[in-house]
Amino acid sequence: MTQTATRYDRYQADFVHFQKSLSNGDAWLNEMRQAGVESFSKLCFPTAIRGNEDWRFTNVGPIANRQFAYPFEQASVDAAQVKALSPWDDGWVNLVFVDGRFDQGLSTPAMNRKGPYIGNLAALSAAGQAAARQHLGRHVDAAKNGFAAVNTAFVRDGAFVALPDGAADLPPVHLVFVASRRPQPSVAYPRILVVAGRNSKATLLESYVTLADGAYFTDGVAEVILQEGAQMQHYRLMREAAEAFHIGTTQVRQEKDSTFTSISFARGAAIARNQLHVALDAPGASCFINGLYLTDGTQHIDNNINIDHLKPHTTSDLYFKGILADRSRAVFSGRVIVHKDAQKAYALQSDKNLLLSDGARINTKPSLEIYADDVQCKHGATAGAVAEEAIFYMQARGLDVETATMYLVQGFAREVIDQIKLDGFRQYLELYFIESLPKYQFRSKNQGP
Amino acid sequence: MASTNGTKQPLLEVRGLRAAVTATGQEILKGVDLTVNVGEVHAVMGPNGSGKSTLVNVIAGRPDFAVTAGQVHYAGQDLLAMLPDRRAREGVFLAFQYPVELPGVRPWQFMKASVDALRKHRGLPEIGAREFDAMFKAAVKEMEMDADLMKRSVNEGFSGGEKKRNEMIQLALMEPRLALLDETDSGLDIDALKTVAAGVNKRRGPERSVLLVTHYQRLLGYITPDFVHVLVDGRIALSGGPELAHELEAKGYDWLKESAGTAR
Ligand SMILES: Nc1ncnc2c1ncn2[C@@H]1O[C@H](COP(=O)(O)OP(=O)(O)OP(=O)(O)O)[C@@H](O)[C@H]1O
Ligand SMILES: [Mg+2]
């Protein structure tokens, strides 16, 4: 065996053990897992070598070089802690997964009678299985993405949200993924499948939170299908530990006149990547993707957004903001492709960054590839420090440089936070954001000796 | 305090002040001497680019300028040794000629933070939200500002006149001992001008002093200054009483520019 292969032995060994632990798995799932592990053996994790443009600025060597154990023993966590960590509301449908395993006791009982199914993927009725089988693993490309492949190999528990046609007035669905404190560095494979029926309306929040403080690895996959006229408000909160690793792969497929509005908030993690691919696969499909990310220390956050305008009259609007402190680094890559048939497409994208120290770095790369001729597209990116002029103005009102900077940084973030329509999440972020503001090393001429 | 026996106590003493643009070293203030006593209102006039804004900004501590010579004392303290925020907490307030937009910063929160910073400096606890809210609303009303505007970000999308009114609201809340008003009258319509002037007059008193920079006699019709100074090319070329403003209105500045030239 070659040197590179041995790095992944742990995953292979755990997979064998994992398969044995499944009492008698369903054949179709077993096949999917087998395909996943085989893809993973070939792909491994991507390397930031030349030619691999997608991973040029994000080196996942630190993930590949560590051993992360599959958490065979389920940890029990305290309900109060989970509620305190995440933007919890008892009025929501909350599904809690601890290290990727479903925790029935902490979750709202599954809704599955005459209407939506919102519950664990591993506890489906025959009909539920049939519904899940149509989509699970069909949208994310495990044959090309090593992280999705290994997630698929270990697929077991997960959130399945199936909304029938016309479903509306549902409580917000909150999927909470908790990393527990474990004796050794562990990996979790959160898995989400959302199928929103025709003209359904729903609000979905994914929260990734932690009780751990050392290194661990969250490797999540979400597949979201919006059928004709479906409208989804999607939120994603990443609040991992400072030494954690987080790779999230989200694949969205949109049908005619569907709307996907997504706001993500990402804070911390040693290395994090939010990988989102939206396929606008029918006329009238629109997506609005907003994100806010904060880094400090030597953290690294990568937002990798791919939008495919496949059909005419499709809209994409990407708006990201980053706040970077210390020697941290962020990567933004927005790749919007307007395909040949996608006339009258409308594509906007923007990434704005606030650099709070000289050592912080941003690689921002909005790109547009246009193969249709009648389209409206615009993209832009900015990176800059806090305006000195604004700092002085606030000083002239009695605020010291640190307080003034804090207000400006908050103001910068507010534009994104204010757009959150889910009150419980917005209020949570308003508080958490302030407490999680990077400790900046903002040096002002006004700060004096 | 301006005492009844005629001896006046200086609040601001500027001595031989020279200042240059930090980035380029270009000298703007070339030796300014000025004393503002407690309770007095002084007007500073002068042609464009003569250094009026530079003077008040240097007093407030703007880092774009470096003091190369001279002193500034405020209530007997060395003002130049203080950081700008400290100066503000000590009671020096600059109403900006060009107020700065603060995207995403809410006026109410921002101004409460200012008031609290001043209170903390004086050893007082934070002001209660209700008490502050009442003060805030009163100030907004006094300056005839549209209350809805105050729900936006500070100065963002405000018209020129609205920005100036907003400066006055902050002045009303911060109750400075020394108010530096840099063309607060510019861009105001006639009603707003009266409102602003009334706001300044209301705050005149034995404890407070004002240094106002203006181009127009118009404002001085509403706020009668104790002294008028003319700044030409970084120096005070002439000082006098309120009648000097009328004289300038009639004669312009050219005659002073020449005399400033010959004085060299
Ligand atoms: N930050 C700066 N960088 C470079 N030059 C500056 C800067 N600030 C002021 N100056 C220059 O200094 C001179 C004085 O400017 P200042 O703003 O003090 O004039 P002023 O008397 O207030 O004029 P106005 O009546 O137009 O407001 C001008 O020539 C101006 O261009
Ligand atoms: Mg000026």
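Quick note on labels: first sequence line is chain A, next is B, and so on, each numbered from 1.
- Inter-residue side-chain proximity for B:Val100 and A:Phe392 is flagged as unmet; no heavy-atom pair is nearer than 4.5 Å.
- Of all heavy-atom pairs spanning A:Leu399 and B:Arg89, the tightest one is C-NH1, 4.5 Å.
- Crowding of A:Arg273 atom CZ: a count of heavy atoms from other residues, nucleotides or ligands under 6.0 Å exceeding 12.
- Counting heavy-atom pairs under 4.5 Å between each of B:Arg106, B:Glu90, B:Arg87 and chain A puts B:Arg106 at the top.
- Atom OH in A:Tyr393 sits 10.0 Å away from atom CD in B:Glu101 (nearest 0.5 Å).
- In this structure, A:Thr403 OG1 and B:Phe110 CZ are separated by 11.5 Å, a value rounded to the nearest 0.5 Å.
- Interatomic distance, OH of A:Tyr407 versus CG of B:Leu102, reported as 11.5 Å (0.5 Å rounding).
- Using a 4.5 Å heavy-atom cutoff, the side chains of A:Glu389 and B:Arg62 are in contact.
- Of the atoms belonging to B:Pro99, heavy atoms from both backbone and side chain fall under 4.5 Å from chain A.
- Within residues 114-150 of chain B, the residues having any heavy atom less than 4.5 Å from a heavy atom of chain A are, in residue-number order, B:Ser114, B:Ala117, B:Leu118.
- B:Ala88 and A:Gln395 get closest at one heavy-atom pair: CB-O, 3.5 Å.
- Heavy-atom distances place the backbone of B:Ala95, and not its side chain, under 4.5 Å from chain A.
- Taking CG of B:Leu94 as the start and CZ of A:Arg397 as the end, the distance is 6.5 Å to the nearest 0.5 Å.
- Only the backbone of A:Phe412 has a heavy atom closer than 4.5 Å to any heavy atom of chain B.
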